[in-house]
Amino acid sequence: MARIVMKFGGTSVADIGRIRNVARHVKREVDAGHEVAVVVSAMAGKTNELVGWMREASPMHDAREYDTVVSAGEQIVSGLLATALQHIGVDARSWQGWQIPIRTDNAHGAARIQEIDGAKLIERFGIGQVAVISGFQGLGPDNRIATLGRGGSDTSAVAIAAAVKADRCDIYTDVDGVYTTDPRMEPKARRLSKVSFEEMLEMASLGAKVLQVRSVELAMVHKVRTFVRSSFDDPDAPGMGDFDNPPGTLICDEDEIVEQQVVTGIAYAKDEAQISLRRVADRPGVSAGIFGPLAEANINVDMIVQNISEDGALTDMTFTVPSGDVDKALAVLEKAKPSIGFDVVQSEAGMTKVSVIGIGMRSHAGVAATAFRALADKAINIRAITTSEIKISILIDGPYTELAVRTLHSVYGLDKQ
Ligand code: ADP
Ligand code: ASP
Ligand code: MG
C-alpha cells in the first residue's frame with residue numbers, strides 16, 4: 001500500500017463525461033489498496049471566463065475579490081468529482097483550501113503556500129476515504145481565499161503530496177508526459193521518460209506551461225516523486241497501475257538520468273515586449289533608477305541589454321516585460337523620467353523568447369553558436385540574448401516563433417526518428 005496524490009487539469013475535467021473518466025483513474029488506485037488524495041482544476045476555460053468577468057466588472061479590481069471569484073471553478077469540480085466517485089462506489093469527500101487549511105501568504109492572485117496541515121487528510125486516509133481537494137486556492141492570513149497564480153493546481157498537488165508524505169504525485173494532463181518541446185508546436189517532439197528537476201524548472205519558467213514553476217521548486221525541495229501523465233489513457237489499460245513505472249515522465253534528480261543529452265528541450269514564451277530607453281546617462285545608479293520603480297510597480301523585467309556608450313556619456317538601455325505590462329511600464333518610466341534622465345522611450349510588443357535548455361551545456365562548448373547559426377540560416381533576426389549555465393534564451397519577432405522552435409528542435413537532434 002502506498003499514498004498517492006493525483007492531480008487532474010482543466011481539460012481532464014472539462015465535462016461530466018471526463019470527470020467520470022477521472023473517477024475511474026482514481027478507483028483503479030483505490031482498488032489497488034492505495035491511500036489517495038485528488039487535486040482538481042476548474043473545467044477548461046472556466047478560470048479564463050471568471051477572470052474575464054472580473055475585468056469586465058472593473059479593470060482595477062480588488063485582488064481579494066478576484067480570488068473569491070476565480071477560485072470558484074475548482075470548487076465546482078471538487079464537488080462533481082466527489083459525487084462521481086460516490087456514484088461508482090468509492091467513498092469520497094470534497095475539500096476546499098480553507099477547510100484543510102492550506103495556509104498562504106497575503107499576495108492575493110499570486111499567493112505562495114506557507115503551510116498545510118495534513119492531519120485531516122491523513123485521518124480520512126485512515127477510514128479509506130478519498131479526499132478531493134480544490135487546487136489553486138488556499139487561505140490567506142486575512143482569512144480570505146487566496147489563489148496561487150495561473151496554473152497553480154500543480155503547486156497545490158505537489159505541496160499536498162509533501163505535506164502528507166505521499167509516495168508519489170501524479171500530474172494528469174492532456175499530454176502523456178513532458179516532451180522535448182510543446183508537442184502542439186512541433187509534432188516531432190519526443191516524450192522524455194525522465195527529466196531533471198533543474199531542467200524542468202528552466203523549461204517551466206521559460207514557458208512550458210505543462211507544470212507551474214512553483215510546483216517544480218517544491219518537488220525539488222521536498223523530493224516529491226512527480227510524474228506527468230495522461231488522463232486520456234484508458235484508466236484500466238495494462239500498466240496504468242504500475243506503481244514503480246507508470247506511463248509518463250518522471251521529474252527526478254539529475255543522477256537518476258543515465259543518458260544525459262547536451263540539450264534536453266526547447267521552450268518558448270510568447271507575448272514579450274521590448275522597451276528601449278534612448279540616450280540614458282551612462283553613470284552609476286542609472287540601472288537602479290530605471291528598474292527600481294518598475295520593480296515597485298510589480299513589473300517583471302526579464303532580458304536586459306545595455307550598450308556600451310561611444311562617448312562615455314550616453315547609452316541605450318533595452319529590456320523586456322510581458323506584453324500585458326507595457327502600458328503600466330511606460331507610465332512608470334514617464335513618471336520617473338526626471339530622475340532617470342533619458343531622451344525617448346520606445347516599445348514594441350509581440351515578441352517571443354525561445355530558449356534552449358540542457359544540463360549538458362555545463363560541459364559542452366558551442367551550443368549557443370549552433371543556435372545562432374541555425375536561426376541565421378532561416379533569416380530569423382535575434383533581438384536579445386541571455387544565457388545561464390544550462391540555458392540560452394533568444395528574443396525574436398513573434399511571427400517566427402514556430403519556425404524558430406522547430407529549427408532549434410531539429411538542429412540539436414531532438415526530432416523523433
Ligand atoms: P492542465 O490543464 O492539465 O494543467 P496545461 O494546459 O496547463 O494542462 O498544460 C499542458 C499543456 O502544456 C499541453 O497541452 C502542452 O500543449 C503544453 N506544453 C508546453 N510545453 C510542453 C512540453 N515540453 N511537454 C509537454 N507539454 C507541453
Ligand atoms: N484553474 C486555474 C487556472 O486555470 C488553476 C489550474 O488550472 O492549475 O489557472
Ligand atoms: Mg496547468
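Treat the numbers as computed from the prediction; the structure is a model and nothing was measured. Indexing begins at 1, ligand by ligand and atom by atom, following the structure's order.
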Atoms of ligand 2 under 4.0 Å from any heavy atom of Thr47, numbered from 1 in the order shown, are 1 (N), 2 (C), 3 (C), 4 (O)
Specify the protein heavy atom at minimum distance from atom 2 (C) of ligand 2: its residue, its atom name, and the distance to 0.1 Å. Glu74 OE2, 3.4 Å
pair Ser276-Glu348: side-chain heavy atoms closer than 4.5 Å: no
Report the relative orientation of the aromatic rings in Phe319 and Phe291; use parallel for angles under 30°, tilted for 30 to 60°, perpendicular for over 60°. perpendicular
Please state which part of Ser41 comes within less than 4.0 Å of ligand 2, counting heavy atoms only: side chain, backbone, both or neither. side chain
Is it true that Arg190 and Asp415 have a side-chain N and a carboxylate O under 4.0 angstrom from each other? no
Expected rows: ligand 1 N/O, protein N/O, dist below 3.5 Å:
from	atom 1	to	atom 2	distance (Å)
ligand 1	2 (O)	Gly10	N	3.1
ligand 1	3 (O)	Thr173	OG1	2.6
ligand 1	4 (O)	Lys7	NZ	3.2
ligand 1	6 (O)	Lys209	NZ	3.3
ligand 1	8 (O)	Thr173	OG1	3.1
ligand 1	14 (O)	Asp174	OD1	2.8
ligand 1	14 (O)	Asp174	OD2	3.4
ligand 1	14 (O)	Arg184	NE	3.2
ligand 1	14 (O)	Arg184	NH2	2.6
ligand 1	16 (O)	Asp182	OD1	2.8
ligand 1	16 (O)	Arg184	NE	2.8
ligand 1	23 (N)	Tyr179	O	3.0
ligand 1	24 (N)	Tyr179	N	2.9

Check each atom of ligand 2 against the heavy atoms of Arg150 and keep those under 4.0 Å away; list them by number with element. 3 (C), 4 (O), 9 (O)
Short N-O contact, Arg383 and Asp397, less than 4.0 angstrom: yes
Min heavy-atom dist Gly73 to ligand 2 below 4.0 Å: no
Compare all side-chain heavy atoms of Met6 with those of Val26 and state whether any distance is below 4.5 angstrom. yes
His61 and Tyr66 aromatic ring geometry - parallel, tilted or perpendicular at 30°/60° bounds: parallel
Please report which non-hydrogen protein atom sits nearest to atom 6 (C) of ligand 2, along with the residue it belongs to and the distance in Å to one decimal place. Ser153 OG, 3.2 Å
Would you mind checking if Glu115 and Arg103 are paired as a salt bridge, meaning a charged N to carboxylate O distance below 4.0 Å? no
Scanning both residues in full, the closest heavy-atom pair of Ser134 with Ser78 reads OG-OG, 3.2 Å
Enumerated ligand 2 atoms positioned under 4.0 Å from heavy atoms of Gly151: 3 (C), 5 (C), 6 (C), 8 (O), 9 (O)
Does this structure show an ion pair linking Glu123 with Lys120, if we count only N-O contacts that are shorter than 4.0 Å? no
